Amino acid sequence: MCGLAGMVFGRMNRTQADIEDVKQIFSRLLVLSEHRGPHATGAAWVKDNGMYQLAKAPLSANSFIKSDRYNRWHQGIDDSTAILMGHTRYPTQGSHLNNYNNQPLLSAPEQPVLLTHNGHIPESQHILESMGLPRELEVDSEVLLRMACCSLGPAGFSIGRLLSNVRACPGQIAAVFVTPVNSDEIILVRRERPLFLAYNNEKQLLAYASEQQILTSAVYDNGWHISRIPAFMAVVVHRHHDLATTQYSLT
């Protein structure tokens with residue numbers, strides 16, 4: 001069991017006070033997700049111009065948000081941020097002491113994809129070998145990362161190809177896919193594992209987490225509407241259209 005947590009920014013001008021509020025919500029999301037994965041914590045931001053930065057460590061969320069590593073990363077969040085991705089890890093394959101195994105996972109810079117995954121994919125080595133995909137990490141989540149890379153083109157993901165790969169992948173999956181190539185489309189996938197959304201129209205923000213109570217506690221002020229992504233459904237969030245969403249069946 002791991003925890004997914006994050007925030008997607010709609011396109012609007014935000015004051016510094018608005019940004020500080022978002023930072024606090026994101027930190028709360030991480031801490032409230034700690035019980036789902038106390039062994040390692042990670043975060044990433046992606047900006048409109050394609051810049052991105054990761055911070056992760058084999059620490060609980062409470063310890064992580066107090067670390068210099070997180071504070072330096074945290075300072076990079078600004079009005080040009082597209083998404084904040086968070087993950088709390090309970091390792092089932094691959095040691096959390098090897099920080100490359102912790103999430104978010106990142107592919108090679110020439111083909112950048114960021115992934116967070118909650119679930120388990122059996123026989124990951126066999127899957128990668130059968131598809132002719134490289135193995136660089138020790139975690140089963142790498143299967144989804146490599147599949148996403150195969151779905152990436154000059155303008156971003158081929159949604160159809162990516163979701164076709166996710167449909168065919170064995171195991172249990174809740175995942176978030178982002179590419180700095182096109183930060184206007186954020187892909188959230190829920191197959192067997194839970195994933196909840198909280199939307200605030202006035203603030204043009206969308207938050208997500210693996211449990212409804214995590215969202216309720218993190219975004220406790222008015223104006224947020226919480227919903228559950230149905231099982232075997234993918235949601236593409238369109239940042240350039242006021243965070244409108246398109247849903248795709250995974251059955």
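In what follows, residues are counted from 1 in the order of the sequence shown. In this text the structure is predicted, and so the values were computed from the model without any measurement.
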Subject >> Student check: side-chain heavy atoms of R146 and E136 closer than 4.5 Å >> reply: yes
**OP:** Kindly check if the number of other-residue, nucleotide or ligand heavy atoms within 6.0 Å of OH (Y248) is above 12?
**Re:** yes
**OP:** Apply side-chain contact (heavy atoms from CB on, under 4.5 Å) to Y208 and I229, showing your working.
**Re:** CA-CA 10 Å; Y208 64 86; I229 298 178; over 6 Å; no
Original post:
Mind checking whether L162 and L133 sit in one hydrophobic cluster, side chains of I, L, V, M, F, W, Y counted as touching below 4.5 Å?
Top reply: yes
Subject >> Side-chain donor-acceptor contact under 3.5 Å, S80 with D78 >> reply: yes
Original post:
Are side-chain N/O atoms of H117 and S141 paired as donor and acceptor at under 3.5 Å?
Top reply: yes
**OP:** May I ask you to decide if the ring planes of F157 and F177 are parallel, tilted or perpendicular, using 30° and 60° as cut-offs?
**Re:** perpendicular
**OP:** With side-chain contact (heavy atoms from CB on, under 4.5 Å) as the test, would you mind laying out the steps for V219 and N200 before giving the verdict?
**Re:** CA-CA 10 Å; V219 300; N200 190 309; over 6 Å; no
Original post:
Judged by modelled atom types alone, do R135 and Q125 share a side-chain donor-acceptor pair under 3.5 Å?
Top reply: yes
Original post:
Do the side chain of Q172 and the main chain of E192 share a donor and acceptor less than 3.5 angstrom apart?
Top reply: no
Subject >> Cluster overlap L114 with V235, hydrophobic side-chain contacts below 4.5 Å >> reply: yes
**OP:** Please go through Y220's hydrophobic cluster and name the other residues, only I, L, V, M, F, W, Y counting, with side-chain heavy atoms under 4.5 Å joining them.
**Re:** none
Original post:
Pick one: which of I77, L54, I83 meets side chain to side chain contact (heavy atoms under 4.5 Å, CB included) with W45?
Top reply: I77
Subject >> Neighbour count >12 (heavy atoms, 6.0 Å) for atom CD, E123 >> reply: no
Subject >> Test log, rule side-chain contact (heavy atoms from CB on, under 4.5 Å), inputs D48 and R11 >> reply: CA-CA 9 Å; D48 293 329; R11 288 187 174 272; 3.6 Å; yes
Subject >> Any donor-acceptor N or O pair under 3.5 Å, side chains N182, T179 >> reply: no
Original post:
If you group Ile, Leu, Val, Met, Phe, Trp and Tyr by side-chain heavy-atom gaps below 4.5 Å, do V178 and Y52 land in one group?
Top reply: yes
**OP:** Scan side-chain atoms only and decide if Q24 and E20 contain a donor-acceptor pair under the 3.5 Å cut-off.
**Re:** no
**OP:** May I ask whether L32 and Y90 are part of the same hydrophobic cluster, defined by side-chain heavy atoms of I, L, V, M, F, W, Y residues being less than 4.5 angstrom apart, directly or through others?
**Re:** no
Original post:
So, for G171 and R191, which heavy atoms are closest and what is the spacing to 0.1 Å?
Top reply: O-NH2, 2.6 Å
Original post:
Any luck finding a side-chain donor-acceptor pair between Y70 and Q75 under 3.5 Å?
Top reply: no
Subject >> Derivation of the side-chain contact (heavy atoms from CB on, under 4.5 Å) call for R36 and N118 >> reply: CA-CA 10 Å; R36 296 188 60 88; N118 170 37; 3.2 Å; yes
**OP:** Examine M1 and L105 and state if one hydrophobic cluster contains both, with Ile, Leu, Val, Met, Phe, Trp and Tyr joined whenever side-chain heavy atoms are less than 4.5 Å apart.
**Re:** no
**OP:** Establish, from distance only, whether the side-chain atoms of Q213 and S217 form a donor-acceptor pair under 3.5 Å.
**Re:** yes
**OP:** Would you check if the side chain of R190 reaches a backbone N or O of F196 as a donor-acceptor pair within less than 3.5 Å?
**Re:** no
**OP:** Evaluate whether atom CD of E202 has more than 12 neighbouring non-hydrogen atoms of other residues, nucleotides or ligands under 6.0 angstrom away.
**Re:** no
Original post:
Would the number of heavy atoms belonging to other residues, nucleotides or ligands and lying under 6.0 Å from NE2 of H240 be above 12?
Top reply: yes
Original post:
Are any of the side-chain heavy atoms of N99 and N102 separated by less than 4.5 Å?
Top reply: yes
Subject >> Exceeds 12 heavy-atom contacts within 6.0 angstrom, atom CG of N222 >> reply: no
Original post:
Is the closest side-chain donor-acceptor distance between N71 and D68 under 3.5 Å?
Top reply: no
